[in-house]
Structure formats: C-alpha cells, structure tokens
S.K.: 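One structure, as structure tokens, below. Some questions next.
Counting starts at 1 for both ligands and their atoms, following the listed order. Being a predicted model, the structure only gives us computed values, none of them experimental.
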Amino acid sequence: MKIVLLGYMGSGKSTIGKKLANKIYHKFTDLDTYIENKEGKTIPEIFNEKGEIYFRKAEHKYLQEFLNENDSFVLSLGGGTPCYAGNMDVIINHDGLISFYLQASIPTLKDRLINNSSKRPLLASLSEEKLIEYIGKHLFERSVFYEKATHRITVNSKEIEAIVAEIRILLH
Ligand code: S3P
C-alpha cells in the first residue's frame with residue numbers, strides 16, 4: 001500500500017506513521033528526515049543557510065523522487081508539504097495512494113508545539129500568545145490543501161493506538 005499522512009506541525013504525523021507502518025509491516029519514511037539525509041543538513045540548517053524557498057523546492061523534488069522510487073510505504077509529510085509547488089495534486093493524482101489528514105484543534109496544536117518549537121524554524125521565535133494567533137491563521141490557510149486528502153481523522157486527545165486502528169479500518 002501507499003499511505004501518506006499529512007497535517008499541521010504537531011498533529012502526530014511521524015508518531016502515528018511509525019506505529020501504523022509497524023502494524024501493517026510497511027516501511028516508514030518521514031519526508032523531513034529523507035530531505036535531511038539527502039541534503040546532509042538538518043531542517044533548521046537548510047532554512048537558515050539556504051532559506052525557505054530553497055527548502056520548498058527541495059521538498060517538492062524529494063517528494064516526487066520518493067513517490068517514483070517506492071511502491072509500498074507509509075510516508076509522513078512535513079506540515080507545509082501539501083501547500084506548496086502543487087504537491088497536493090501530486091499526492092492526489094498518484095496511482096493507488098491513500099492520504100490521511102490528521103486534524104488537530106488549535107488548542108491541541110498549541111499545547112504540543114509550545115515546548116517543541118526549536119526544531120521548527122517557522123515557530124522558533126514566537127511567544128505563547130503569538131503562537132496561538134499564528135497557528136490559527138496558518139491552519140486556516142493550509143486547511144484548503146489538507147482537506148483534499150482521501151480521509152480526515154480527528155486526533156486531539158485520542159490515544160495513538162486508537163488513531164492507528166481508525167486508519168486501518170479505512171484501509172480495508
Ligand atoms: C514545516 C513543517 C516541518 C518542516 C519544516 C516546515 C511547515 O515539518 O517540514 O519545518 O511548513 O509546516 P513537521 O510538520 O514534521 O514539523
């Protein structure tokens with residue numbers, strides 16, 4: 001199977017992706033990690049040294065490369081991947097691919113991201129108050145892309161196991 005998980009930063013894409021892949025005996029790949037390995041730099045280093053536009057081009061290139069080279073996978077995207085360079089159309093039009101939008105509320109995302117923003121260049125400099133405002137606006141803009149996924153799963157306070165089970169039911 002070809003499975004893609006997408007959603008905002010902090011929605012649990014990597015954690016859930018790893019668990020899901022494990023359960024269904026598929027290879028798991030995190031697109032951010034794939035990019036870091038290919039570029040030989042961390043995501044913050046790429047943003048700092050080369051800028052966001054370079055990152056978005058690289059993200060597009062490596063997404064296509066990954067999809068062309070792999071037949072069976074669970075792939076977690078970066079939070080912004082679906083929203084740039086026609087990537088969501090690439091996902092939607094890719095043969096046999098099933099995508100899941102992991103939807104989390106603004107308070108859930110804020111709670112998860114407040115102490116965990118240093119590895120995320122887009123959030124690194126925001127205070128708590130600014131973070132809520134930023135997530136609200138950003139999520140609103142991005143939802144248009146996220147909503148194009150094959151399925152939407154609400155995450156919030158659900159256990160990881162329950163989310164994985166929900167995804168597996170939709171895969172049958
Ligand atoms: C980004 C999300 C990050 C990473 C980069 C940009 C975004 O991935 O790709 O920092 O634009 O939302 P995660 O969603 O895995 O944090």
Side-chain angles (χ1 to χ4, degrees), residues 3-22 27-67 73-91 99-126 128 130-149 151-156 158 160 163-164 167:
I3 300 166
V4 163
L5 302 185
L6 57 98
Y8 202 74
M9 292 173 269
S11 57
K13 302 179 291 287
S14 304
T15 313
I16 294 161
K18 264 179 221 158
K19 261 264 153 49
L20 173 66
N22 208 12
K27 191 181 91 168
F28 172 73
T29 303
D30 180 305
L31 186 63
D32 281 341
T33 310
Y34 185 88
I35 297 170
E36 292 183 329
N37 291 337
K38 291 276 178 175
E39 292 282 305
K41 290 182 197 309
T42 65
I43 300 293
E45 280 168 355
I46 300 172
F47 268 75
N48 286 335
E49 294 171 20
K50 305 208 162 173
E52 184 174 352
I53 294 173
Y54 176 90
F55 173 76
R56 295 302 173 195
K57 286 185 182 158
E59 184 178 45
H60 178 64
K61 177 174 90 180
Y62 293 126
L63 171 66
Q64 286 185 306
E65 179 182 290
F66 179 86
L67 295 180
F73 53 82
V74 175
L75 174 70
S76 293
L77 303 182
T81 317
C83 318
Y84 293 91
N87 292 339
M88 203 54 206
D89 289 329
V90 171
I91 303 279
S99 55
F100 293 88
Y101 167 27
L102 304 183
Q103 185 190 43
S105 69
I106 297 168
T108 299
L109 294 170
K110 191 270 290 173
D111 288 346
R112 291 185 188 175
L113 292 168
I114 189 75
N115 294 318
N116 207 350
S117 62
S118 61
K119 284 188 265 109
R120 294 184 164 105
L122 296 176
L123 308 176
S125 60
L126 301 172
E128 178 163 358
K130 286 271 178 246
L131 184 62
I132 298 173
E133 204 181 298
Y134 183 86
I135 295 171
K137 189 166 161 277
H138 210 199
L139 184 60
F140 178 74
E141 290 165 2
R142 289 182 163 190
S143 298
V144 186
F145 298 93
Y146 296 158
E147 293 287 354
K148 291 186 184 175
H151 300 286
R152 185 200 317 131
I153 309 271
T154 307
V155 291
N156 296 320
K158 284 179 195 160
I160 292 165
I163 299 165
V164 170
I167 294 175

S.K.: Donor-acceptor pair, distance only, cut-off 3.5 Å: does the side chain of E36 make one with the backbone of T42?
M.R.: no
S.K.: Please determine if E141 and K137 form a salt bridge, counting it only when a charged side-chain N lies under 4.0 Å from a carboxylate O.
M.R.: yes
S.K.: Does anything in residues 77-88 form a salt bridge (charged side-chain N to carboxylate O under 4.0 Å, His left out)? List the pairs, not counting sequence neighbours.
M.R.: none
S.K.: Tell me the closest heavy-atom pair linking A149 and M88, and the distance in Å.
M.R.: N-CE, 3.6 Å
S.K.: Could you work out, with side chain to side chain donor-acceptor pair (under 3.5 Å) as the rule, every residue matching E128, not counting sequence neighbours?
M.R.: K110
S.K.: Can you sort out the partners of K158 under side chain to side chain donor-acceptor pair (under 3.5 Å), two or more places apart, ordered by chain and number?
M.R.: E166
S.K.: Compile the protein residues with any heavy atom at a distance under 4.0 Å from an atom of ligand 1; present them by chain, then by number.
M.R.: M9, K13, D32, I43, F55, R56, G78, G79, G80, R120, P121, L122, R142
